[in-house]
Amino acid sequence: MRQDSLYPDSPSHVEISTADRDRLTRLKTQIRHHDYLYYVKDQPEISDGEYDRLFHELVELEQKYPELITPDSPTQRVGAPPLDELGKVRHEQPMLSLDSVVDPNEVLAFDQRMKRELGTDVIEYTVEPKFDGLSVELVYDHGSFVRGSTRGDGSLGEDITINLRTIRSLPLQLQDEARPDQLAVRGEVYMRLGDFHALNRRMTEQGLDAFANPRNAAAGSLRQLDSQVTASRPLVVTCYEVMATTGPRPESHWAELEALVQWGLPVPTLRQRCDHIEQVLEFHRETERQRENLPYEIDGVVVKVNRGDWQARLGMKSRSPRWALAFKFSPRKEITEVQDIAISVGRTGTLTPLALLKPVEVGGVTISRATLHNADEVARKDIRVGDTVRIERAGDVIPAIAERIPVPNQTRNDPFEMPSSCPICGSAVAREGAYYYCTGQASCPAQLKGAIEHFSSKAALNIEGLGKKTVAQLVDRGLVRDLSDLYRLDQEQLFRLEGFAERSATLLLDAIAQSKTIPLDRFLMGLGIRQVGQHIAKVLAREFGSLDAIMSADRDRFQRIREIGPEISESLHSYFQERSNRRVIDQLERLGLSIMPSPALPSTTDLPFAGRSFVFTGGLTRMTREEAAALVERLGGTVLSNVSRKTTYVVAGVEPGSKLGQAMKFGVRVLNEEEFERLLNRSEKT
Ligand code: IVH
C-alpha cells in the first residue's frame, strides 16, 4: 500500500518498514508530549539533549520517508514559503470586544447591573489578566489545527494559519479523546518581556529598527507574509474562550478553561473564581501590584460572569458581551527630565517639537522621546530644556508629557522657541496659527522623503519594497529629486544602494512599473496635497472623473462639493497652481503613468448616517480608529480628517488634539466615546 510521494526528488523507491512507521508515530507523540510539558506547562521532564535526540531521530525518519511527513508533525513548525498577501477568513462567531472601565465604582455598578438583570444576589465571577497582545481565532477540526486568523474587523480576519503553526505553545493536535470534532477558540498571542528585549537587541545589532513595545513586536511578527520570520520570533499564545464547538458547552467559564487545559491548550495561569465583587476588586489590586513582576505585559484584568446559562441570558450588545468587563489599570506614569527639544519635519513640512528625554522604563519599555505636538502646547505646558516632567503611557498610545513638575530653587532655561529656519534644509519657516511650516517643499530633503513614502504607501501607489531606508538613500544620493524621478530609476543605480542585490533591484523596478496603472483617487491621495486624504480623494475622483478636470477647476468649483470647504479648496487650488507641481504631474504622465477614472461610489443616501460627517480626535479605547471609521461608513456616514463648520460630529477620545478646540470654535457637536457608541447602537437598530 505505497503512496505516491509528494516530493518528486525524494527517494520514493524506499519501502516503508512497519517498525519504522511505528517508531515514527511514537516519536511524534512523544515529542508533542514534551513540547506540551515544556511550552504549555512549563515543566519539562527530559533534558534538552534527550529532546534533541528524539527530534533528530524523527527528522531522519522523515527524510527517509518524506511521504510520511504530516502537517501536524513537530518538525513542520519552521514556516512555509512567503505569501504575496494574507487571505481573509470569516470567523465562526463574531469576535467581540469588551467594555472597559478603570474606576472601581464602575465595577460595582457592573455587579449591580448583573444582579438586577439576573434577579439574584449571588454571582460568581472569574477573573484573569487582560493580555496586551493580539486576539486570534484558532480552529481545530477533529483535533487538528486547521486555521487561525486575526480579529480583523470582528467578522472578517486575516488568515495567519501558517504563522500560528510556528508558535510552539500552540498545539497542532489536541490531546484528549473527549475533544469535540469541531472547535474554535479565542486566544491572545503576545511576546514575553525578556524575549522582547532580546529580540530588540538582535534587531538593533543587525541595523534594523527596534519594536516600540511587545505588542507591536507580536503584531509585526504575526502578520508576516514570510512565516519563516514568524518562526524566528519568540511568540506565545494563551486561550480564554470557546467561540464555537460541536461538543457540549461547558457549564461555566471556569469549566471551559479546564476543558481547554484537558485538550492541551494553554490558558491563563493567573486566574481565579470570585464569590463576590469585593474579591474581584482585590484581584485587580493585587495583580496591579504584581504587574512589574510579571514576565509579560497586561493592561488590566477581565471580569466574567462564570455561569454559562447566565452569560447566555445576559447576551450581547452590538460589539461586546454584557457579561464581561475589562477592568483596566490606570495609565503608567514616570518622572524624567527633558534633555533637549528637537524639531522633526513632516511630509507636508510641519515642524513638530519633540522632547528628548532622559531614558526611563515605563512598563518594560524604554521611553526616550515624547511628542510635544506644537508650539502652543509647549507654551501651555511651559516645557523647557532641563525641566522635570511626568510622562504617561497608556497601552500603545505614544507617550505624552502630562505635566511639568516644578523643582524649588531651580534656575530654568529660557522658554522654548520655534526656529525661524528649517533645521533640515534651512528654508524659511512660515506660521499658521499654532503650526509652523518649512517653505522648502521638495527642496527640503525631509519633505521630499515624506512625500515619496506617502506616494508609494499602500493606500496610494502601493509600491512594495520602497521602504523608509531606501527612500532616504535615494534622496540623499540625489537619485530622486521629485516624484517623477522614481520612474527614471534603473538597475545600475539601485545596485549601488546599500542592501540591494540583483533580485531586490529587479523586484523594486517591477513594483514601480506595476504602479504605472493607477486609479485616479489613489493617485490624487498619493500627491500628498494638504487636507486631501483617502476620502476627499475619492470624492474628487467621483465628482470630476479625470485629473485634467480637477487641475482646471477653480476654488468655487471645488467648494460646490458638499464635503469640501474653503480650506480644502484653497489647498487644492494652490497645489495645482504651483508650476513645479504641474511639471511633476506632466512628467509622470510622459513617463507612462496611466491614471484610470475611479468607479462611482455606491449610493448611501438611504442609510442612517447619510449626509452626516464624523471627525475623530484622540484614541478610542474600545475599537481602533479604522474600526470606528468602517462602522460609520457602513451606516452611510463619511469620515473626514479635518473639522469645518459643516462637520456633523467630532468624536473625542483619549487625549484629543486640536480638533476638539476647532469643534468648539465652530459649534460642532462633540461626542465622547460612549455617546458615539450609543449613536452607533441606535442607528444599527433602525
Ligand atoms: S475575553 C467575548 N479575555 O482584550 C469576550 N479578552 O476588547 C472576548 N483580551 O480584543 C474577550 N485578555 O483580545 C478576553 N483574558 C481575556 C483577555 C482578552 C486580553 C483582549 C481581547 C480583546 C480585548 C478586549
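Start at 1 and go down the list; that is how both ligands and their atoms are numbered. Quick note: residue numbers are just sequence positions, from 1.
Between R151 and the options E626, E627, E137, E188, a salt bridge (charged side-chain N to carboxylate O under 4.0 Å, His left out) holds for only E627.
Checked by atom type and distance alone, the side chain of E675 pairs as donor or acceptor with a backbone atom of N672 at under 3.5 Å. A donor-acceptor pair under 3.5 Å is formed between the side chain of R322 and the backbone N or O of L314.
Identified under the ring pair (Phe, Tyr, Trp, His ring centres under 6.0 Å) test for residues 127-148, with sequence neighbours left out: F131-Y190, F131-Y296, Y140-F145.
Qualifying side chain to side chain contact (heavy atoms under 4.5 Å, CB included) partners for Q173, counting only residues two or more places apart in sequence or in other chains: R32, D72, S144. Scored by the side chain to side chain contact (heavy atoms under 4.5 Å, CB included) test, E128 finds Y240, H253, L257, P268, R271, V302, K304 as partners (sequence neighbours excluded).
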One pair per line, please: each N/O atom of ligand 1 matched with every protein N/O atom under 3.5 Å away, atom names first, then the distance to 0.1 Å.
residue	atom	partner	partner atom	Å
ligand 1	3 (N)	K304	NZ	3.1
ligand 1	4 (O)	K130	NZ	3.4
ligand 1	7 (O)	L98	N	3.0
ligand 1	10 (O)	R186	NH2	3.3
ligand 1	12 (N)	F131	N	3.0
ligand 1	13 (O)	S135	OG	3.1
ligand 1	13 (O)	E188	OE1	2.7
ligand 1	13 (O)	Y240	OH	3.0
ligand 1	15 (N)	E128	OE2	3.0
ligand 1	15 (N)	P129	O	3.0

